[in-house]
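Working notes, beginning with the structure itself.
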Amino acid sequence: DPHYHSGGELARVWRLWMLGDRLCSCGVPLSRCPFWKAVEQRALAGASSRVVEQLDRYLSTSSRAQSLHRLTLLSSRKRLLLGAPPGFTETLRNLYRALAETAEREVIVDSSKTPAYLYLLAQVPGIELRVIHLVRDPRAVAHSWGRSPVPGPDGRAIMPRWGPGKASLLWLGVNAMANRLVREIALPYTRIRYEDLVHDTDRVLMKIKAFGWGAAGPLASSTSAGIQVTLNPGHMCSGNPMRFQHGTVHIREDVAWRSEMSARDRCLVETLSFPLLLRYGYGLAR
């Protein structure tokens with residue numbers, strides 16, 4: 001698309017790019033990827049490794065699930081900002097500006113999932129932030145977090161495994177805090193469901209693009225094999241291992257949880273996630 005660049009989960013870019021040298025979605029290590037080298041030259045000219053380490057440590061600490069309570073009160077949010085390393089907001093602004101200039105795109109899509117990073121980005125001058133809140137059935141989420149991590153092409157997997165209880169509480173806490181922040185900060189916001197995206201892909205993608213600067217024509221096509229999209233190689237720093245897939249990709253809903261999840265685990269997830277389970281339009285299991 002001529003307007004959008006997908007950067008991946010940019011909250012983790014410092015660790016994966018400057019400190020861990022993981023693979024870009026183009027298949028090249030980030031340190032040798034021409035795109036990310038150009039971003040580095042524009043965003044971090046003269047910055048030391050110590051500065052990068054401070055940024056990563058601060059973002060990793062502030063984004064932990066155990067730190068969600070720090071976003072509850074205005075006073076605790078101010079303390080969170082006061083704990084930022086010197087030049088924090090300026091460095092973030094430079095990063096997104098460098099991404100836009102290098103990609104020659106107007107909009108940077110950041111798929112980070114932590115409410116703390118959402119709050120911190122909202123404090124950066126010069127960034128026009130809009131929030132697309134993607135939610136999924138908590139039972140499917142809990143089932144997914146219980147699977148063995150899928151490694152990327154480099155053979156490394158970094159996603160942890162959680163039981164249904166912890167996964168449910170995190171699902172509830174993260175989504176509830178995201179709802180609260182966009183309301184209190186008054187950010188432009190729209191919510192979509194994973195299930196709707198899978199079953200009515202083109203309509204949902206057009207809704208997303210209309211919300212995020214500009215209308216769009218058809219983006220997906222329907223065939224006898226189902227809905228499919230064409231993905232070009234990109235430069236995402238992090239995210240689901242499927243970011244390495246290029247070409248024609250068939251979109252199908254992952255419903256393995258319906259047959260593989262025990263009745264006990266379903267009941268536990270439904271009990272813990274009940275308030276938002278219904279609010280987001282997910283019924284109870286029969």
**OP:** Check the angle between the aromatic planes of W171 and Y280 and answer parallel, tilted or perpendicular using the 30° and 60° thresholds.
**Re:** perpendicular
**OP:** Specify the closest pair of heavy atoms between S76 and R70, including all atoms of both residues, with the distance to one decimal.
**Re:** OG-O, 2.6 Å
Original post:
Got a sec, which residues hit salt bridge (charged side-chain N to carboxylate O under 4.0 Å, His left out) with E40, two or more places apart in sequence or on another chain?
Top reply: none
Original post:
Should I208 and Y4 count as side-chain neighbours, where that means a heavy-atom distance under 4.5 Å?
Top reply: no
Subject >> Value rounded to 0.5 Å, distance of CG in L120 from OH in Y58 >> reply: 4.5 Å
Original post:
Please walk me through it: do H5 and H235 pass side-chain contact (heavy atoms from CB on, under 4.5 Å)?
Top reply: CA-CA 8 Å; H5 171 73; H235 297 284; 4.2 Å; yes
Original post:
Which pair of heavy atoms, one from R266 and one from S259, lies closest together, and at what distance?
Top reply: NH2-N, 4.1 Å
**OP:** Kindly say whether F211 contributes a backbone atom to a donor-acceptor pair with the side chain of R130 at under 3.5 angstrom?
**Re:** yes
Original post:
Is there a path from V174 to Y189 through hydrophobic residues (I, L, V, M, F, W, Y) whose side chains come within less than 4.5 Å of each other?
Top reply: yes
**OP:** Start with the C-alpha gap between R97 and R93, add the side-chain angles, then the distance that decides, and say whether side-chain contact (heavy atoms from CB on, under 4.5 Å) holds.
**Re:** CA-CA 6 Å; R97 180 181 297 161; R93 182 176 67 247; 3.6 Å; yes
Subject >> Trace of the side-chain contact (heavy atoms from CB on, under 4.5 Å) decision for E195 with V198 >> reply: CA-CA 5 Å; E195 294 79 7; V198 168; 5.9 Å; no
Subject >> Minimum heavy-atom distance between T72 and R77, given as atom pair plus value >> reply: O-NH2, 3.7 Å
**OP:** Using atom types as modelled and distance alone, determine if a side-chain donor or acceptor of S168 lies under 3.5 Å from a backbone N or O of S273.
**Re:** no
Original post:
Does the side chain of V28 reach to within under 4.5 Å of the side chain of F35, using non-hydrogen atoms?
Top reply: no
Subject >> Heavy-atom closest pair, residues L172 and P275 >> reply: CD1-CD, 4.5 Å
Original post:
Any side-chain heavy atom of L205 within less than 4.5 Å of one from L197?
Top reply: yes
Original post:
When you measure from the side chain of N179 to the backbone N and O of N175, does any donor-acceptor pair fall under 3.5 Å?
Top reply: yes
Subject >> side-chain hydrogen bond (donor to acceptor under 3.5 Å, both in side chains) assessment of E253 paired with Y194 >> reply: CA-CA 8 Å; E253 182 181 1; Y194 158 83; 5.7 Å; no
Subject >> Pairing residues for R42 by the salt bridge (charged side-chain N to carboxylate O under 4.0 Å, His left out) criterion, not counting sequence neighbours >> reply: E101
Subject >> Side-chain heavy atoms of T91 within contact of L44, under 4.5 Å >> reply: yes
Original post:
Side-chain contact, heavy-atom cut-off 4.5 Å: L99 with W36?
Top reply: yes
Subject >> Distance in Å, I192 CD1 paired with R203 CZ, rounded so as to fall on 0.5 Å steps >> reply: 9.5 Å
Subject >> Close side-chain approach of F88 and L59, heavy atoms under 4.5 Å >> reply: yes
Original post:
Would a hydrophobic clustering, with Ile, Leu, Val, Met, Phe, Trp and Tyr connected at side-chain separations under 4.5 Å, put V182 with L121?
Top reply: yes
Subject >> Connected via hydrophobic side-chain network under 4.5 Å: Y282 and L268 >> reply: no
Original post:
Are V269 and W257 connected in a single hydrophobic cluster, I mean Ile/Leu/Val/Met/Phe/Trp/Tyr linked by side-chain heavy atoms less than 4.5 Å apart?
Top reply: yes
**OP:** Please determine if R279 forms a cation-pi arrangement with F274, meaning its NZ or CZ atom is less than 6.0 Å from the six-membered ring centre and no more than 45° off the ring axis.
**Re:** no
Original post:
Any side-chain heavy atom of L23 within less than 4.5 Å of one from L30?
Top reply: no
Original post:
Roughly how far, to the nearest 0.5 Å, is NZ of K166 from CG of L272?
Top reply: 14.0 Å
Original post:
In Å and rounded to the nearest 0.5 Å, what is the CG to CG distance from L71 to L118?
Top reply: 9.0 Å
**OP:** Could you tell me which non-hydrogen atom of C33 sits nearest to which non-hydrogen atom of C24, and how far apart they are?
**Re:** SG-SG, 4.0 Å
**OP:** Return yes if some donor-acceptor pair links the side-chain N/O of T114 with the main-chain N/O of S63 below 3.5 Å, else return no.
**Re:** no
Original post:
Does the pair E9/R243 count as a salt bridge with the N-to-O cut at 4.0 Å?
Top reply: no
Original post:
Between D196 and H199, is any pair of side-chain heavy atoms under 4.5 Å apart?
Top reply: no
**OP:** Could you go through the side-chain contact (heavy atoms from CB on, under 4.5 Å) check for W162 and L169 one step at a time?
**Re:** CA-CA 11 Å; W162 293 329; L169 292 175; over 6 Å; no
Original post:
Counting distance only, does the side-chain N/O of S112 pair as donor-acceptor with the main-chain N or O of L10 below 3.5 Å?
Top reply: yes
**OP:** Kindly give the heavy-atom pair with the smallest separation between A116 and S62, and that separation in Å.
**Re:** CB-O, 3.2 Å
**OP:** Treating Ile, Leu, Val, Met, Phe, Trp and Tyr as nodes and any side-chain heavy-atom pair under 4.5 angstrom as an edge, say whether V124 and V13 lie in one connected cluster.
**Re:** yes
Original post:
Roughly how far, to the nearest 0.5 Å, is the CD atom of Q123 from the CG atom of L92?
Top reply: 11.0 Å
Subject >> Donor-acceptor contact below 3.5 Å, side chain R193 vs main chain V135 >> reply: no
Original post:
CG of N232 to OG of S6: how many Å apart, nearest 0.5 Å?
Top reply: 12.5 Å
**OP:** Decide, yes or no, whether a salt bridge links R147 with D254 under the criterion of side-chain N to carboxylate O below 4.0 Å.
**Re:** yes
**OP:** Might you work through the side-chain hydrogen bond (donor to acceptor under 3.5 Å, both in side chains) test for R12 and S238, ending with a clear yes or no?
**Re:** CA-CA 7 Å; R12 308 170 63 216; S238 178; 2.7 Å; yes
